[in-house]
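Working notes, beginning with the structure itself.
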Amino acid sequence: MAGMIRKLVASGIAAKVIQEARKPENQAKLKKFIADYQAKQKGGGKGPGRGY
């Protein structure tokens, strides 16, 4: 019973996330977040604590 409720809640949350992601202002925020994240990953290089 608890597993079924958990799946129901998870699907409700996923539906809300998809609904919000369709809004143009949120699409712009998402694109900026992804671009920033990718730039951060590529720009890592050598640094303290990296083990290189």
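These numbers were taken from a predicted model, which means no experiment stands behind them. Side chains are part of it too, since the values below use all heavy atoms of this structure and drop only hydrogens, waters and symmetry mates.
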*Could you walk me through whether D36 and K32 pass the salt bridge (charged side-chain N to carboxylate O under 4.0 Å, His left out) test, one step at a time?*
CA-CA 6 Å; D36 290 347; K32 183 182 181 322; 2.9 Å; yes

_Gap separating the CE atom of M4 from the CG atom of L8, nearest 0.5 angstrom_ = 7.5 Å

*How many angstroms lie between CD in Q19 and CG in N26, if you round to the nearest 0.5 Å?*
10.5 Å

_Under a 4.0 Å threshold between the charged nitrogen and the carboxylate oxygen, would K16 count as salt-bridged to E20?_
yes

*I13 and I5: same hydrophobic cluster, using ILVMFWY side-chain contacts below 4.5 Å?*
yes

*Should side-chain heavy atoms under 4.5 Å link Ile, Leu, Val, Met, Phe, Trp and Tyr, which residues sit in the same cluster as Y37?*
none

*Indicate the atoms forming the closest heavy-atom contact of R22 with Q27, along with that distance.*
O-NE2, 3.3 Å

